[in-house]
Amino acid sequence: MSQHKLSDLLRGIPHEVLQSRVDCTVSDVVMDFRNVTNGAFLVSRRGLNVDGHRYIMEASEAGAAAFLVEDKTAAFPEGKPVIFVENTRKAMGQIAANLYSHPAEKMRLVGVTGTNGKTTTTHFIENILRANGRKTGLIGTAGVQVAGNTLDISFATATTPDPLELHRIFAEMLRMGVQDVIMEVSSHALALHKMEGLTFDVGVFTNLTQDHLDFHGTMENYHDAKAQLFKISRTAVVNQDDPSTPTMIKLFNGDPCLFYGFSAEADLRALHIQTAAHGMTFDLDFGGVMRYFTLPMLGRYNVCNCLAAVGTAFLLGIDMEKIREGAAGITPVPGRLQAVPNDRGVLVIVDYAHTPDGLENTIKAVREIGNKRIVTLFGCGGDRDKDKRPQMGRIAGTLSDYVILTSDNPRTEDPADIINQIEEGVKTTPVMYEIHENRREAIFAGVALLKKDDALIIAGKGHEDYQIIGTAKHHFCDYETAGEALCD
């Protein structure tokens, strides 16, 4: 079992020793008292639902050797080091970096934030860099990858790992020779100080629409959380066309900041966009020089994601012609406008769209392909922002020819209640619709409705291979289930 000097772990962190000394050694660092082993250093946090300080004595009995706290009034075991900091979450990032000898400082970091497009944009950036000989690491919603290969490394949260997990991943990537790490940076991660102590070579902003208000409370708080990324970024690539961009970069002190988009003011501007059978083409105007780009992806918003990736690669020193060649070889992103193969002459698309803006963009992207009729199937996640449910119902009803409402990840909410709230929005439109609470039954019903040249969009879960009902995860994959339905 490895040993770490407590004083080394606290290096660079303003702190106060409440009792004992910090010249002892610890065997591990943990953030959950349930994971304490003999000799561990426990970081006690005030959680969203539970205050970890309540379990200090229990952790001591389990073998914890030292404690980091932000509450001086908590009960402490006698004779063991107790260190006070103003915010244990902020301190955790630096502790994790110290624990793993600062691996992030030895690689280039790219952070991508925004409501929609984070996964796709990180994927595009990674593809372009890898095509140009860089060894890449990718961290985000779809897991952890090195050089395009998925690693068997899981982390507890949906998008951005907690500091201990994150720096452990950094250390493993460095061991494997990774040069550039591209990661999704969620608003939760920024608000909860998970990025503390990191500096990003490039910070990227995709867009901002309503989401996560169950956590942030207001759109202003949501804006401010995401803007923190640009306080710790050396350079920036941001969406010229998004009205939130000025808020995003209000804390940015680096240089340069590249703006991308479709408007004339953008530094990287896409013109003459065409939808082809299996992708898009466009002209890129950068500094008055036009270059013809091909992108093997559908959807106008993916052109925008591609512009973000182009700007990032350019700031990282890749020649623009080589960037153009790399963009032409981008591979599809699982669960993002992912077509399910079939011989019925129909288009079945699985997509992660789970916000109003995301759903609207997905339906519009499929509409551009020219199918006769679009059937949209979706639900909304439980224990999350409820205000967006009728909005998504209204968008689906307005843009689709037929709608099927179903369950997503209901979590601890009643699925029927969630569907009823979505239905309120659907009812404001003239669209015909039906309801199947069981998601598998809904997908089979959607496929059964299709006639030649029709399209079915299965939205909301994308790459996820599970469904959360209550507090339990059950295996469920939209792509697999759609494949079964098409073979039925």
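All values below were derived from every heavy atom in this structure, side-chain atoms included, with hydrogens, water molecules and symmetry-related copies excluded.
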field: Flag, side chain of Ser187 to backbone of His223, donor-acceptor distance under 3.5 Å
entry: no
- prompt: Strictly by modelled atom types, are Asn305 and Asn302 linked by a side-chain donor-acceptor pair under 3.5 Å?
  reply: yes
Any Gln145 side-chain heavy atom under 4.5 Å of Ile182 side chain: no
Identified side-chain hydrogen bond (donor to acceptor under 3.5 Å, both in side chains) counterpart of Lys461 within the set Asp478, Asn409, Asp351: Asn409
task: Kindly determine whether Met297 and Val333 satisfy side-chain contact (heavy atoms from CB on, under 4.5 Å), including the steps that lead there.
output: CA-CA 9 Å; Met297 303 282 288; Val333 186; 4.3 Å; yes
Phe205 vs Ile249 side-chain heavy atoms within contact, under 4.5 Å: no
statement: Separation between OG1 (Thr235) and CG (Leu258), nearest 0.5 Å, reads 7.5 Å
query: Within a strict 4.5 Å, meaning less than it, do heavy atoms of the Glu360 and Tyr301 side chains meet?
result: no
Rounded distance (nearest 0.5 Å) linking atom CD of Gln467 with atom CZ of Arg411: 10.5 Å
task: Compare every heavy atom of Ala327 with every heavy atom of Cys306, then report the nearest pair and how far apart it is.
output: SG-CB, 4.2 Å
query: So, the side chain of Thr376 versus the backbone of Ile457: is there a donor-acceptor pair under 3.5 Å, distance only?
result: no
- prompt: Relative to Phe200, does Lys231 satisfy both conditions: NZ or CZ under 6.0 angstrom from the six-membered ring centre, and within 45 degrees of the ring's axis?
  reply: no
message: Has Thr275 got a side-chain atom pairing as donor or acceptor with Gly299's backbone, closer than 3.5 angstrom?
response: no
message: Could you go through Ile458 and Thr481, starting from their C-alpha distance and side-chain angles, then the distance that decides it, and tell me whether this counts as side-chain contact (heavy atoms from CB on, under 4.5 Å)?
response: CA-CA 11 Å; Ile458 304 172; Thr481 305; over 6 Å; no
statement: So CD of Glu126 and OG1 of Thr121: to nearest 0.5 Å the spacing works out to 13.0 Å
field: Donor + acceptor pair across side chains of Ser263, Asp241 (<3.5 Å)
entry: yes
- prompt: Any side-chain heavy atom of Ile273 sitting closer than 4.5 Å to one from Arg300?
  reply: yes
query: Donor-acceptor pair, Asn438 side chain versus Arg440 backbone, under 3.5 Å?
result: yes
task: Determine, stepwise, if the pair Leu337 / Val366 fulfils side-chain contact (heavy atoms from CB on, under 4.5 Å).
output: CA-CA 8 Å; Leu337 280 180; Val366 175; 4.1 Å; yes
query: Would a distance-only check, ignoring hydrogens and angles, find a side-chain to backbone donor-acceptor pair under 3.5 Å from Asp465 to Phe476?
result: no
task: Return yes if some donor-acceptor pair links the side-chain N/O of Arg389 with the main-chain N/O of Gly381 below 3.5 Å, else return no.
output: yes
statement: One should read off an interatomic distance between Glu368 CD and Leu298 CG, to the nearest 0.5 angstrom, of 8.5 Å
query: Are Arg344 and Leu450 side-chain neighbours, meaning at least one heavy-atom pair lies under 4.5 Å?
result: no
message: Does any part of the side chain of Met92, heavy atoms only, come nearer than 4.5 Å to the side chain of Arg89, both counted from C-beta?
response: no
query: So, for Ile395 and Ile363, which heavy atoms are closest and what is the spacing to 0.1 Å?
result: O-CD1, 4.5 Å
field: Sidechain N-carboxylate O distance under 4.0 Å for Arg324, Glu321
entry: yes
field: Cationic N near anionic O, under 4.0 Å, Asp401 to Lys372
entry: no
task: Check whether the side chains of Thr115 and Asp357 place a donor and an acceptor atom closer than 3.5 Å, and report yes or no.
output: no
- prompt: Can you check salt bridge (Lys or Arg N to Asp or Glu O under 4.0 Å) on Glu172 and Arg175, steps first, answer last?
  reply: CA-CA 5 Å; Glu172 177 62 15; Arg175 187 192 68 77; 2.6 Å; yes
query: Can any side-chain N or O of Lys427 pair as donor or acceptor with the backbone N or O of Gly393 at less than 3.5 Å?
result: no
field: Any donor-acceptor N/O pair, Lys135 side chain to Met176 backbone, under 3.5 Å
entry: yes
message: Please determine whether a side-chain nitrogen of the Lys or Arg among Arg108 and Asp201 lies less than 4.0 Å from a carboxylate oxygen of the Asp or Glu.
response: no
- request: Identify the two heavy atoms, one from Ala482 and one from Val348, that lie closest to each other, and give their separation to 0.1 Å.
  value: CB-CG1, 4.1 Å
message: Minimum heavy-atom separation for Ser186 and Thr160, please, with both atom names.
response: N-OG1, 3.1 Å
query: Side chain of Arg367, backbone of Leu399: donor and acceptor closer than 3.5 Å?
result: yes
query: For the atom pair OG1 (Thr113) and CD (Gln228), what is the distance rounded to the nearest 0.5 Å?
result: 11.0 Å
message: When you compare the side chain of Glu423 with that of Asn420, does any pair of heavy atoms fall below 4.5 Å?
response: yes
- request: Give a yes or no on whether the backbone of Leu359 and the side-chain of Thr362 come within a donor-acceptor separation of less than 3.5 Å.
  value: no
query: Strictly by modelled atom types, are His123 and Thr331 linked by a side-chain donor-acceptor pair under 3.5 Å?
result: yes
- prompt: Can you tell me how far the OG1 atom of Thr281 sits from the CD atom of Gln274, to the nearest 0.5 Å?
  reply: 5.5 Å
query: Do the side-chain N and O atoms of Asp242 and Thr245 include a donor-acceptor pair separated by under 3.5 angstrom?
result: no
message: Quick one about His475 and Glu480 (side-chain donor to acceptor, distance below 3.5 Å, no hydrogens or angles considered), yes or no?
response: yes
Parallel, tilted or perpendicular, as decided by the 30° and 60° cut-offs, for the rings of Phe293 and Phe282: parallel
- request: Evaluate the side-chain proximity of Phe124 to Leu295: yes if any heavy-atom separation is below 4.5 Å, no if none is.
  value: yes
field: Nearest heavy-atom neighbours spanning Tyr260 and Cys304
entry: CE1-O, 3.4 Å
field: Check against side-chain contact (heavy atoms from CB on, under 4.5 Å), Val346 and Lys451
entry: CA-CA 7 Å; Val346 298; Lys451 297 178 181 178; over 6 Å; no
message: Do the side chains of Arg439 and Glu464 get close enough for a salt bridge, i.e. N-O under 4.0 angstrom?
response: no
task: State, to 0.1 Å, how close Gly137 and Val178 come at their nearest heavy-atom pair, and which atoms those are.
output: N-CG1, 3.6 Å
